[in-house]
Every structure is written in structure tokens, then in C-alpha cells.
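Note that ligands are numbered from 1 as they come in the structure, with each ligand's atoms numbered from 1 the same way. We're numbering straight along the sequence, starting at 1.
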Amino acid sequence: MAYDDILQRLRAAEAAHGRPAGSVKLIAVSKVQPDARVEAVLQAGHRLFGENYVQEAQGKWPAFRDTFGKVEVHLIGPLQTNKAKPALQLFDAIHTLDRTSLAQRLARLAQEAGRCPDLFVQVNTGEEPQKAGILPTDADAFIAAARALDLPVIGAMCIPPEDEDPAPHFAHLARIAERNGLPHLSMGMSADFETAIAHGATHVRVGSALFGARGY
Ligand SMILES: *Cc1c(COP(=O)(O)O)cnc(C)c1O
């Protein structure tokens with residue numbers, strides 16, 4: 001199945017770029033995919049998934065976790081501040097920390113709950129006006145502010161502009177993570193995950209290449 005194929009390509013890219021075997025995690029992006037496709041990947045033994053929408057994930061993952069046991073689910077889509085509470089309860093990691101108001105809300109909720117998902121700061125490396133994410137020039141200060149709130153910031157995430165070579169964007173994100181001491185890099189999707197691995201990705205987010213096209 002496509003799953004085995006993607007895993008094989010991922011392992012080959014690790015080897016080709018001098019990355020230790022198993023150092024890159026495959027996030028299977030299951031947003032708007034039919035349950036049967038998701039179940040097939042769970043049956044194959046995969047236990048790390050990505051979702052874009054809080055409500056969709058709430059409707060899907062409690063039941064899958066009942067059936068398949070512990071499954072790690074990461075939020076990779078934008079998070080509205082008013083959905084922060086259910087997001088904190090449901091997800092093991094949030095890849096889209098992108099503004100101060102959200103950082104403050106998560107910090108308060110995390111204190112109440114006594115736990116917090118791992119956080120990635122989303123950086124708008126292409127400086128696209130319509131895209132979420134901290135501007136590269138503001139990233140260092142934002143990461144410092146999030147840490148000052150005691151938030152567990154472990155990495156950086158980006159979505160390069162669709163019509164550009166992603167490699168410079170991956171390299172830029174890697175530099176931002178490096179100088180801020182962030183060990184994890186969430187970058188690379190179906191079309192470019194091998195390039196992202198070449199630039200140090202620790203988490204690649206692969207949807208359509210794994211599950212098939214999304215029928216919206
Ligand atoms: C949908 C989505 C993906 C997966 O995209 P594919 O091109 O289907 O692999 C990865 N990252 C984010 C943030 C997404 O929204």
C-alpha cells in the first residue's frame with residue numbers, strides 16, 4: 001500500500017542525507033479522509049496522525065483510540081483561541097502556535113490542566129499576507145516570550161509558498177530553530193518531504209500521497 005511506499009521513501013531520504021534511521025517522524029495527515037482509509041493505516045500499525053480541524057478530530061479520534069489504543073494526534077491547522085481548551089485536551093502536539101493571544105490562552109489553560117501539548121511555532125517564511133505564522137524577523141522574540149510563559153516550545157513549523165522552491169524556506173526555518181535551540185522541525189508535505197528531510201525535518205506531514213486525494 002501507499003503507506004509502505006512512503007515509509008520506504010522516508011527511510012531512504014534519511015539514509016541519503018546522513019540522518020539517523022528513525023529520526024524523522026511521519027505524521028499521517030488524515031484531515032477529511034474517509035474513516036476506512038484512516039483505519040487501514042492504523043491497521044498497518046501507524047500511530048501518529050495529523051488533523052487540521054479541532055471539531056473533526058474530536059469526532060474521529062476518541063473512537064479510534066478506543067479501538068486501537070494509544071495514538072498520537074497532532075494539530076497542524078490554525079487554532080482559534082476559543083478552541084484552545086478542547087485542543088489542549090485532545091492533541092499531543094500543536095504545530096501552529098502563531099500569535100501572542102494564543103500563547104497566553106494556552107499558558108493559562110495549561111496551568112489549570114497541569115499539562116500542555118508539545119508546541120511548534122509556525123513561521124511564515126514566505127511572508128505571505130494571507131498565511132498564518134510569525135514573521136521570520138519576529139520569531140526569536142516570539143519564541144522567547146512563549147518560553148517566558150513556561151510553554152513547552154519544542155520546534156518550528158512552516159508551509160512554504162505553493163509556487164516557490166521549498167528548499168530555501170526549509171533552510172531558513174532550520175536556521176531559526178537552530179539559533180533558538182529548538183530541536184524539532186515540522187516541514188515537508190506530500191510533494192516535498194524528501195527535500196525537507198535533506199534540510200533537517202524531524203516531522204514530515206504527509207496526507208494525499210499516503211491516503212489518496214482529499215474529496216472535499
Ligand atoms: C493538509 C496539510 C498537509 C498535508 O498535505 P499533503 O499535500 O496532502 O501531503 C500538511 N501540512 C498541513 C499544514 C496541511 O494543512
Side-chain angles (χ1 to χ4, degrees), residues 1-10 13 24-38 40-42 44 46 48-61 72-80 83 87 90-99 102 117-134 139 154-167 169-170 172-174 176-177 184-216:
M1 70 194 279
Y3 174 61
D4 300 311
D5 184 50
I6 297 289
L7 265 190
Q8 209 162 44
R9 283 171 57 190
L10 188 154
V24 181
K25 289 188 174 165
L26 173 64
I27 299 177
V29 178
S30 45
K31 63 167 177 241
V32 309
Q33 293 286 357
D35 282 357
R37 292 185 187 175
V38 181
V41 172
L42 281 161
H46 198 68
L48 174 57
F49 291 80
E51 289 284 348
N52 280 60
Y53 312 103
V54 174
Q55 213 166 345
E56 183 188 348
Q58 275 178 312
K60 194 191 291 188
W61 286 101
E72 219 180 295
V73 184
H74 293 195
L75 180 69
I76 62 167
L79 178 56
Q80 292 172 277
K83 299 260 174 66
L90 183 63
F91 295 106
D92 300 287
I94 295 171
H95 290 232
T96 50
L97 177 59
D98 64 353
R99 58 194 190 279
L102 180 60
D118 289 333
L119 300 174
F120 292 71
V121 169
Q122 184 175 356
V123 182
N124 185 358
T125 57
E127 306 192 23
E128 296 171 279
Q130 82 285 5
K131 197 167 270 176
I134 297 288
I154 65 157
M157 176 272 211
C158 75
I159 308 169
E162 254 174 58
D163 50 354
E164 286 182 28
D165 176 4
H169 295 276
F170 295 152
H172 191 179
L173 191 73
I176 290 170
H184 295 290
L185 282 170
S186 166
M187 56 190 199
M189 318 201 310
S190 288
D192 55 19
F193 71 89
E194 284 137 324
T195 306
I197 290 169
H199 286 87
T202 60
H203 295 68
V204 294
R205 312 178 306 264
V206 180
S208 46
L210 205 162
F211 292 108
R214 287 180 287 274
Y216 284 98

J.: List ligand 1 atoms under 4.0 Å from Val206, heavy atoms only on the residue side.
T.: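 Counting atoms of ligand 1 from 1, those under 4.0 Å from Val206 are 9 (O).
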J.: Hey, which atoms in ligand 1 end up nearer than 4.0 Å to a heavy atom of Lys31?
T.: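 Taking each heavy atom of Lys31 in turn, ligand 1 has 1 (C), 2 (C), 3 (C), 14 (C), 15 (O) under 4.0 Å.
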J.: For Asn52, take its heavy atoms, then give the atoms of ligand 1 lying under 4.0 Å from any of them.
T.: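 Once the distances to Asn52 are compared, the set is 14 (C), 15 (O).
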J.: Determine, using ring centers only, whether Trp61 and Phe49 are less than 6.0 Å apart.
T.: yes
J.: Against heavy atoms of Ile159, which atoms of ligand 1 measure under 4.0 Å?
T.: 13 (C)
J.: In sequence, state the C-alpha distance, the side-chain angles, and the governing distance for His74 and Phe91, and then conclude on ring-ring contact (aromatic ring centres under 6.0 Å, His included).
T.: CA-CA 5 Å; His74 293 195; Phe91 295 106; 8.7 Å; no
J.: Compile the donor-acceptor pairs under 3.5 Å between side chains in residues 120-128 and protein atoms, sequence neighbours left out, one pair per line.
T.:
unit_1 : atom_1 : unit_2 : atom_2 : d
Asn124 : OD1    : Glu127 : N      : 3.2
Asn124 : OD1    : Glu128 : N      : 3.1
Asn124 : ND2    : Glu128 : O      : 2.8
Asn124 : ND2    : Lys131 : O      : 3.2
Thr125 : OG1    : His169 : ND1    : 3.0
Glu128 : OE1    : Lys131 : NZ     : 2.8
Glu128 : OE2    : Gln130 : NE2    : 3.4

J.: Short N/O distance, under 3.5 Å, between Gly207 and ligand 1?
T.: yes
J.: Please report the C-alpha distance between Arg205 and Ser186 in whole Å, then the side-chain angles of each, then the deciding distance to 0.1 Å, and finally whether the side-chain hydrogen bond (donor to acceptor under 3.5 Å, both in side chains) criterion is met.
T.: CA-CA 7 Å; Arg205 312 178 306 264; Ser186 166; 2.9 Å; yes
J.: Under the rule for side-chain contact (heavy atoms from CB on, under 4.5 Å), what residues qualify as partners of Ala40, not counting sequence neighbours?
T.: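 Scan of Ala40 (side-chain contact (heavy atoms from CB on, under 4.5 Å), adjacent residues dropped) gives Met1.
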J.: For the pair Lys60 and Glu51, find out whether any cationic side-chain nitrogen is under 4.0 Å from an anionic carboxylate oxygen.
T.: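 Yes, charged N to carboxylate O under 4.0 Å.
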J.: Report, in ascending order of atom number, the atoms of ligand 1 lying under 4.0 Å from any heavy atom of Arg205.
T.: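 Those atoms are 4 (C), 9 (O), 10 (C), 11 (N), 12 (C), 13 (C).
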J.: May I ask which of Ser208, Ala132, Gly50 has a heavy atom nearer to atom 8 (O) of ligand 1 than the others do?
T.: Ser208
J.: Are Arg214 and ligand 1 in contact, using a heavy-atom cut-off of under 4.0 Å?
T.: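 Judged by the 4.0 Å heavy-atom criterion, Arg214 does count as contacting ligand 1.
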